[in-house]
*Asks:* 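Dropping a structure here in structure tokens format, bear with me for questions.
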Amino acid sequence: MKRILDPKELGACVKRHGPTLYRVLLSVLTVLVAVLTRGDTERIAPFAIAMVIALCIGLVLLRRTRYLTLIFLELSLLLIFCYDSFSFFIEYVWLLPIAVVALTVHLVRLCPRFSFGASFLPLAAVALATMLGGVGMIGAGDYFRPASLVFMIGLGPGLLLCYWILKNEAREDADEEALLSDLCFWGMSAALIVFAYMLPALWEVRAFHLLPSVQWSNNVSTMLLIAMPATVCWAHKQSAGYLLAFGMFGALMLSGSRGGQLFAGVELVICCVAGRMTERDPVKKIWAEMFCAYAVMVAVYAGVLMAVNGGAFGIYNPEEVRWKLVERSFANFRENPLFGSGLGYLGNADLYDGKAGTINWYHCFPAQVLGGLGIFGVLAWGWQLINRLRLSIAVRKDSVFLLALCYLGLLLMSMVNPGEFCPIPYAYLAVFFFVMTERKTAIATNPFQKKHSHEETA
């Protein structure tokens with residue numbers, strides 16, 4: 001009797017469609033949890049803990065962690081609803097040693113080599129500037145308080161550890177494709193959650209500027225701005241993929257985040273232009289040009305709409321807290337020009353009093369670097385940004401350029417929010433993007449080499 005389905009055919013089918021099915025199911029689960037729990041911390045917690053345990057199991061069992069990235073991203077998406085929940089989640093600190101053991105086992109199995117690329121030295125300089133921030137200005141009590149140490153270690157040695165691990169993990173073009181796909185599904189999950197929360201409210205008020213504000217709006221907007229450029233990789237396969245970018249733009253406008261609304265149109269136009277630049281098929285180039293034209297019109301319309309309603313542009317009001325924090329950063333720089341105020345500085349509490357386990361941010365990337373890290377930080381971050389720009393230009397005709405644009409989305413949002421100064425997931429993703437980017441460049445992988453060919457893909 002003839003077999004209905006050959007095992008070899010079944011295996012090939014699973015190999016071909018399994019990763020996509022896995023991403024769909026995980027994304028649908030995340031959306032359902034976020035919507036059905038209505039963002040309640042106690043109801044989200046079991047799912048978040050299950051994801052952490054899944055990550056630990058994956059680290060132990062898998063030699064490569066390519067398919068753990070989406071779990072990490074969707075977990076970060078769920079946790080943005082758990083605002084001011086430090087006292088709740090600290091009870092699960094027992095998971096930390098389990099995660100450390102799992103990571104250690106994974107590293108032993110990975111047998112990582114000490115391979116450093118073009119972005120390592122600037123990253124190390126930024127890590128050092130972060131650790132030195134506040135020296136000579138704040139007391140030992142502020143410098144060594146738990147919240148300060150968590151962020152300093154996460155943005156210092158933690159990112160160097162991430163770089164080292166990812167440098168050994170991400171060796172194949174398939175890793176780049178997987179990351180872009182993960183970012184697409186992450187962005188779609190975030191957009192669907194925004195639509196589920198905001199469309200019913202929009203139906204009632206019939207005006208964007210009257211939508212209710214939600215505390216997670218800035219975080220979800222940051223995630224959408226990061227994910228939007230990744231949709232271009234799907235647009236290269238099917239031109240309708242540009243519609244995903246327009247969908248994320250719509251979610252940004254509905255999110256209620258002024259920063260998200262301010263940069264949504266800019267990001268949309270950049271994505272469509274990038275799609276035109278990296279497209280090779282003549283017919284699809286025409287589609288890309290059409291979407292570029294639509295993106296410009298939509299962006300202009302959105303800008304006019306926000307200007308009329310006083311929405312996103314209210315962020316530049318001199319009486320706004322963010323503007324006062326920028327002024328405070330100049331004062332802090334003058335007080336300690338070499339190393340700034342540091343992450344442990346509590347002097348901004350009169351303008352911004354963060355919740356337990358957070359930092360008194362300046363809420364503006366230049367201000368955070370200038371006032372928080374001083375001259376040393378300015379030089380270190382300047383080196384890193386120039387290096388990242390150099391890497392991005394070097395791969396401008398390659399699909400990995402989309403990851404550089406994903407970083408641009410993060411950098412834009414960092415101008416009005418902590419953004420890149422949050423280790424998980426944002427700073428981690430920035431490192432990941434440029435680990436992938438430097439693989440495709442002719443810039444030396446080893447800082448002591450003059451030239452190098454593409455890295456081995458073994």
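Only a predicted model underlies this, so the values are computations on that prediction, with no experimental measurement involved.
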*Asks:* Would you check if the distance from the ring center of Phe151 to the ring center of Phe421 is below 6.0 Å?
*Replies:*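 For Phe151 and Phe421, the ring centres are not under 6.0 Å apart.
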*Asks:* Is the cationic atom of Arg43 (NZ for Lys, CZ for Arg) positioned less than 6.0 Å from the six-membered ring centroid of Phe81 and within 45 degrees of its normal?
*Replies:*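 No - Arg43 does not lie over the ring of Phe81 by the 6.0 Å and 45° rule.
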*Asks:* Does a side chain donor of either Glu74 or Ser189 reach within less than 3.5 Å of an acceptor in the other side chain?
*Replies:*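 Per modelled atom types, Glu74 and Ser189 side chains form a pair under 3.5 Å.
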*Asks:* Tell me, with the steps shown, if Glu438 and Ser119 meet side chain to side chain donor-acceptor pair (under 3.5 Å).
*Replies:* CA-CA 7 Å; Glu438 69 184 15; Ser119 57; 2.8 Å; yes
*Asks:* When you check the gap from the basic side-chain N to the acidic O, do Glu169 and Arg439 get nearer than 4.0 Å?
*Replies:*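 The answer is no: the pair does not qualify as a salt bridge.
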*Asks:* Treating Gln215 as the side-chain partner and Ile80 as the backbone partner, does any N or O pair qualify as donor plus acceptor under 3.5 Å?
*Replies:*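 Pair found, side chain donor or acceptor close to backbone of Ile80.
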*Asks:* When you compare the side chain of Cys233 with that of Cys184, does any pair of heavy atoms fall below 4.5 Å?
*Replies:*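 Yes, at least one pair of side-chain atoms sits under 4.5 Å.
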*Asks:* Any side-chain donor-acceptor pair under 3.5 Å between Tyr83 and Asn219?
*Replies:*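 There is no such pair between these side chains.
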*Asks:* Give a yes or no answer on whether the side chain of Tyr163 reaches the backbone of Ala124 with a donor-acceptor pair at less than 3.5 Å.
*Replies:*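 Answer holds: no.
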*Asks:* Do the ring centers of Trp216 and Tyr197 come within less than 6.0 Å of each other?
*Replies:*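 Under 6.0 Å, so yes.
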*Asks:* Should the pair Phe434 and Tyr407 be assigned to parallel (<30°), tilted (30 to 60°) or perpendicular (>60°) ring geometry?
*Replies:*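 Ring orientation of Phe434 relative to Tyr407: perpendicular.
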*Asks:* Within this structure, what is the CG-CD distance for the pair Leu262 and Glu267, rounded to the nearest 0.5 Å?
*Replies:*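 Taking CG in Leu262 and CD in Glu267, the distance rounds to 12.0 Å.
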*Asks:* Run the ring-centre check on Phe72 versus Trp186 and record whether the distance is less than 6.0 Å.
*Replies:*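 Centroid separation for Phe72 and Trp186: 6.0 Å or greater.
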*Asks:* To the nearest 0.5 angstrom, please state how far the OG atom of Ser399 sits from the CD atom of Glu177.
*Replies:*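 If I round to the nearest 0.5 Å, the distance is 7.0 Å.
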*Asks:* Can Arg328 and Tyr362 be counted as having a side-chain donor-acceptor contact under 3.5 angstrom?
*Replies:*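 Absent: no donor and acceptor within the cut-off.
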*Asks:* Can you give me every donor-acceptor pair (side chain of residues 49-62, partner residue at least two apart or in another chain, under 3.5 Å) with its distance?
*Replies:*
none

*Asks:* Contact between Arg258 and Val416 at the side-chain level, heavy atoms closer than 4.5 Å - yes or no?
*Replies:*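 Arg258 does not reach Val416 side chain to side chain.
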*Asks:* Taking CG in Leu32 as the centre, count heavy atoms belonging to other residues, nucleotides or ligands within less than 6.0 Å. Is the count above 12?
*Replies:*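 Counting other residues, nucleotides and ligands, CG of Leu32 exceeds 12 neighbours.
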*Asks:* Trp164 and side-chain contact (heavy atoms from CB on, under 4.5 Å): which partner among Leu160, Leu166, Asn168?
*Replies:*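 When Leu160, Leu166, Asn168 are each tested with Trp164, the side-chain contact (heavy atoms from CB on, under 4.5 Å) holds only for Asn168.
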*Asks:* Do Arg64 and Asp175 sit within salt-bridge range, that is, some charged N less than 4.0 Å from a carboxylate O?
*Replies:*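 Yes, charged N to carboxylate O under 4.0 Å.
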*Asks:* Between the main-chain N or O of Asn218 and the side-chain N or O of Ser221, is there a donor-acceptor pair closer than 3.5 Å?
*Replies:*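 Answer holds: no.
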*Asks:* Angle between ring planes, Trp381 versus Phe365, binned at 30° and 60°: parallel, tilted or perpendicular?
*Replies:*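 It falls in the perpendicular class, over 60°.
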*Asks:* Is it true that a side-chain atom of Ser76 and a backbone atom of Leu73 form a donor plus acceptor pair closer than 3.5 Å?
*Replies:*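 A pair under 3.5 Å: yes.
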*Asks:* Working to the nearest 0.5 angstrom, can you tell me the gap between Cys422 SG and Leu429 CG?
*Replies:*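 So the SG of Cys422 and the CG of Leu429 are separated by 12.0 Å.
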